[in-house]
Enquirer: 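Below you'll find the structure I mean.
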Amino acid sequence: MKKVLLVSSEAVPYMKTGGLADVVGSLPKYMNREEYDVRVIIPKYACMDASFLPQLRFVCHFYVNLNWRRQYVGIFESEYKGIHFYFVDNEFYFAGPSPYDKIYEDVEKFAYFSKAVLACLPYIDFAPDIIHCNDWQTGLVPVYLRTSFGDDNFYAGIKTVFSIHNMQFQGRWRIREVMDITGLPAHIFNASELESYGEANYLKGGVVYADAVTTVSPSYARDITTVEGGEGLSGLMSATRYKLYGILNGIDYEEYNPQTDPYIHANFTRKDALVGKKRNKAALQKELGLPVKEDAFMVGIVSRMTNQKGFDLIAYALDELLPSMDIQLVVLGTGESQYEKMFHHFQNKYPDKISAYIGYSEEQAHKIFASSDALLMPSMFEPCGLCQMMAMRYGTLPIVRETGGLKDTVEPYNEYENTGTGFSFMNFNAHEMMLIIRYAYNVYSEHKAEWNDMQMRAMDKNFSWNSSVHEYEKLYDKICEQ
């Protein structure tokens with residue numbers, strides 16, 4: 001049996017700020033447990049939901065050297081839906097109201113976490129064959145493994161996978177400070193290893209030192225080798241193509257199941273989806289104070305509010321779209337203040353057309369997926385995207401820009417062949433986005449049978465982890481044999 005340790009800064013159900021948590025929390029559930037012992041380790045944040053604390057059991061404590069600092073490490077464990085979780089405890093690093101803060105604090109916090117993860121393995125009596133790291137916060141795990149822990153026989157033979165969930169976030173900071181924080185040898189802070197544009201770069205360290213690198217969709221694996229998508233590291237990603245794999249994320253089909261979802265107003269199956277969605281739509285309209293109109297074109301947005309997600313296009317388009325269409329926009333998200341204020345403005349201006357919930361609510365997200373006719377995701381770039389898959393599970397048709405995982409998962413509607421599972425546009429342009437929204441509205445309003453057919457095709461798509469997990473299993477097997 002192969003032993004795998006997933007290392008992440010967050011994982012459902014304990015801590016979630018984005019799709020990374022969904023992936024890390026869901027993937028182990030779908031792996032073949034007769035062949036793989038998969039466990040997860042994350043920080044024990046002070047801001048974690050207090051209801052989980054009674055379930056956590058203290059395992060041990062020890063100290064780890066972080067250059068000249070000697071820091072406490074506490075290890076807790078718990079089990080959730082058959083998955084074994086470990087938690088690294090240190091109140092100095094993991095206190096505060098959120099898991100992430102200023103970058104100069106986070107680079108020390110996650111250097112500590114990376115080293116503590118490796119140091120704890122003998123204490124918890126778990127010697128993994130593979131350590132699967134996720135995003136820049138864990139980028140130093142492969143680096144420490146090959147340097148600080150390289151002479152210890154306990155760690156001999158451990159292979160590493162490094163997954164990039166979003167290339168934009170790289171964990172970059174001043175070299176002198178990172179050398180002082182990490183205690184890593186000075187000679188590795190060069191252009192071939194940890195240095196990038198005059199700074200230390202944690203993500204680059206993970207890419208260089210890992211045995212395999214993955215991204216969360218095949219298209220994004222290609223995108224990050226280009227100047228446009230490489231976020232300054234396109235040359236590195238091109239040079240590491242030999243170990244770069246694009247594996248599409250999946251979603252948890254138990255969590256996102258319209259037949260059993262406890263959050264939605266009316267459960268439904270594929271057979272009664274049309275009736276079920278109408279009931280959910282009417283309930284959500286009433287709940288949000290929108291006019292209860294069956295034929296209104298309800299478009300949902302569930303997203304972090306950043307420029308990456310295409311909110312500049314939305315800001316440009318709303319004054320033209322909202323007055324000219326029988327449309328209702330239902331928004332859930334939080335992020336940059338300019339976009340939060342933008343939605344407050346439009347909600348005040350068009351109270352019968354738009355409802356915006358600034359914040360995050362898992363319950364509200366499920367209600368939007370179940371109630372909306374379409375889901376808008378006009379991303380500038382999108383490594384994978386999960387919301388479009390979740391929406392299709394509920395018969396809600398995505399309207400997306402053709403980039404990354406959105407291109408891999410949404411088949412554009414072809415009116416001549418009556419095929420497709422959603423709508424897409426190519427260029428990052430507000431007018432193109434408005435054209436495709438108007439086209440979707442026309443199909444919804446004037447070609448109901450074709451729209452309903454598309455809903456059924458969307459619900460028939462399989463974006464569960466069942467297929468993607470086999471790709472990870474094959475990758476684990478491959479690097480273990482190297």
Side-chain angles (χ1 to χ4, degrees), residues 4-31 33 37-61 72-101 105-106 109-110 112-114 116-118 120-121 123-124 126 128 131-138 141 163 165-166 169 216 249-256 261-263 302 304 334 359-366 386 390 465 469:
V4 181
L5 182 67
L6 279 169
V7 186
S8 176
S9 59
E10 55 184 83
V12 294
Y14 300 101
M15 178 56 61
K16 176 179 176 177
T17 68
L20 168 63
D22 290 302
V23 173
V24 175
S26 299
L27 176 59
K29 291 166 59 176
Y30 290 86
M31 296 200 70
R33 298 189 189 186
D37 179 1
V38 186
R39 307 184 189 184
V40 181
I41 188 165
I42 63 172
K44 182 177 178 288
Y45 296 107
C47 60
M48 194 166 69
D49 189 333
S51 66
F52 290 118
L53 296 180
Q55 305 167 20
L56 272 55
R57 300 179 298 275
F58 177 77
V59 178
C60 65
H61 82 276
Y72 167 87
V73 182
I75 301 296
F76 288 76
E77 66 180 353
S78 184
E79 192 166 293
Y80 181 79
K81 293 188 176 180
I83 305 170
H84 201 122
F85 283 85
Y86 296 102
F87 304 83
V88 175
D89 178 42
N90 182 300
E91 291 187 5
F92 175 74
Y93 288 118
F94 303 130
S98 66
Y100 312 116
D101 203 348
E105 295 176 349
D106 284 351
K109 174 194 302 181
F110 291 110
Y112 159 81
F113 175 62
S114 296
V117 165
L118 290 169
C120 84
L121 297 178
Y123 290 92
I124 63 175
F126 188 66
I131 300 177
H132 186 160
C133 309
N134 294 272
D135 272 348
W136 77 262
Q137 293 90 346
T138 62
V141 172
S163 288
H165 297 260
N166 192 330
F169 305 105
V216 289
N249 278 341
I251 60 173
D252 189 333
Y253 265 39
E254 295 176 12
E255 184 77 17
Y256 298 95
D261 194 330
Y263 292 130
V302 179
R304 284 184 297 111
T334 184
Y360 187 76
S361 162
E362 193 71 22
E363 178 178 351
Q364 199 69 8
H366 285 240
L386 297 175
M390 296 167 183
W465 277 106
V469 76

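What you see is a predicted model; the values in this text were computed from it and never measured.
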Enquirer: Is the shortest side-chain heavy-atom distance between Cys47 and Met15 below 4.5 Å?
Expert: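 Yes - at least one pair of side-chain heavy atoms lies under 4.5 Å apart.
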Enquirer: Please examine the side chains of Tyr86 and Val117, heavy atoms only from C-beta on, and report whether any two atoms are closer than 4.5 Å.
Expert: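 Of all side-chain heavy-atom pairs linking Tyr86 with Val117, none is under 4.5 Å.
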Enquirer: Does Asn90 reach the main-chain N or O of Tyr72 with its side chain, forming a donor-acceptor pair under 3.5 Å?
Expert: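 Side chain of Asn90 to backbone of Tyr72: a pair is present.
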Enquirer: Tell me the closest heavy-atom pair linking Leu118 and Val141, and the distance in Å.
Expert: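 So the two residues come closest at CD1-O, 3.5 Å.
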Enquirer: Roughly how far, to the nearest 0.5 Å, is the CZ atom of Arg39 from the CD atom of Glu79?
Expert: 9.5 Å
Enquirer: Looking only at heavy atoms, which two atoms of Gln55 and Ser51 are closest? And how far apart?
Expert: NE2-O, 3.8 Å
Enquirer: Search all heavy atoms of Val40 against all heavy atoms of Ile42 and return the closest pair with its distance.
Expert: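 It is CG1-CG2, 4.1 Å.
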Enquirer: State, yes or no, whether a side-chain contact exists between Phe85 and Leu56 at a heavy-atom distance under 4.5 Å.
Expert: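 Phe85 vs Leu56: side chains apart.
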Enquirer: How about His366 and Glu255: do any of their side-chain heavy atoms sit closer than 4.5 Å?
Expert: yes
Enquirer: Once you round to the nearest 0.5 Å, how far does CG of Asn134 lie from NE2 of His132?
Expert: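 That separation rounds to 4.5 Å.
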Enquirer: I'd like to know if the side chain of Asp135 reaches the main chain of Gln137, judged simply by a donor and an acceptor atom lying under 3.5 Å from each other, with no hydrogens or angles considered.
Expert: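 Here the side-chain-to-backbone pair does not exist.
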Enquirer: Donor-acceptor check, side chain of Asp106 to backbone of Asp101, threshold 3.5 angstrom: yes or no?
Expert: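 The answer is yes, because a donor-acceptor pair under 3.5 Å joins these two groups.
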Enquirer: Can you tell if the side chain of Asp89 reaches within under 4.5 Å of the side chain of Phe94, non-hydrogen atoms only?
Expert: no
Enquirer: Enumerate the salt bridge (Lys or Arg N to Asp or Glu O under 4.0 Å) contacts for residues 9-20, please, sequence neighbours excluded, ordered by first and then second residue.
Expert: Lys16-Asp22, Lys16-Glu362
Enquirer: OH of Tyr30 to OH of Tyr253: how many Å apart, nearest 0.5 Å?
Expert: 9.0 Å
Enquirer: Hey, does Ile75 have a side-chain heavy atom less than 4.5 Å from the side chain of Tyr123?
Expert: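 SC-SC contact between Tyr123 and Ile75 ruled out.
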Enquirer: Give me the atom names and distance for the closest heavy-atom approach of Gly82 to Arg33.
Expert: O-NH1, 3.4 Å
Enquirer: Taking atom CD of Glu91 as the centre, does the number of heavy atoms from other residues, nucleotides or ligands within less than 6.0 Å exceed 12?
Expert: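 For Glu91, atom CD is not crowded (no more than 12 foreign heavy atoms under 6.0 Å).
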Enquirer: State, to 0.1 Å, how close Ala46 and Ala95 come at their nearest heavy-atom pair, and which atoms those are.
Expert: CB-CA, 3.7 Å
Enquirer: Which atom names give the shortest non-hydrogen contact between Ser114 and Thr138, and what distance separates them?
Expert: OG-CA, 3.9 Å
Enquirer: Tell me whether the rings of Phe110 and Phe113 are parallel (<30°), tilted (30 to 60°) or perpendicular (>60°).
Expert: perpendicular
Enquirer: When rounded to the nearest 0.5 angstrom, what distance separates NZ in Lys29 from CG in Asp252?
Expert: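 Answer for the NZ-CG pair, Lys29 versus Asp252, is 3.5 Å.
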Enquirer: Carefully, step by step, assess Ile41 and Ile124 under the rule side-chain contact (heavy atoms from CB on, under 4.5 Å).
Expert: CA-CA 11 Å; Ile41 188 165; Ile124 63 175; 5.6 Å; no
Enquirer: Quick check for you: to the nearest 0.5 Å, what is the distance between Phe76 atom CZ and His61 atom NE2?
Expert: 11.0 Å
Enquirer: Can you tell me how far apart NZ (Lys109) and OG (Ser9) are? Round to the nearest 0.5 Å.
Expert: 9.0 Å
Enquirer: Could you go through the ring pair (Phe, Tyr, Trp, His ring centres under 6.0 Å) check for Phe87 and Tyr14 one step at a time?
Expert: CA-CA 10 Å; Phe87 304 83; Tyr14 300 101; 4.9 Å; yes
Enquirer: Are Val12 and Tyr80 packed together at the side-chain level, in the sense that at least one heavy-atom pair is separated by less than 4.5 angstrom?
Expert: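 With C-beta onward as the side chain, the pair stays apart.
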Enquirer: If you define the side chain from C-beta out and look only at heavy atoms, does anything of Ile83 sit under 4.5 Å from Val38?
Expert: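 They are not in side-chain contact.
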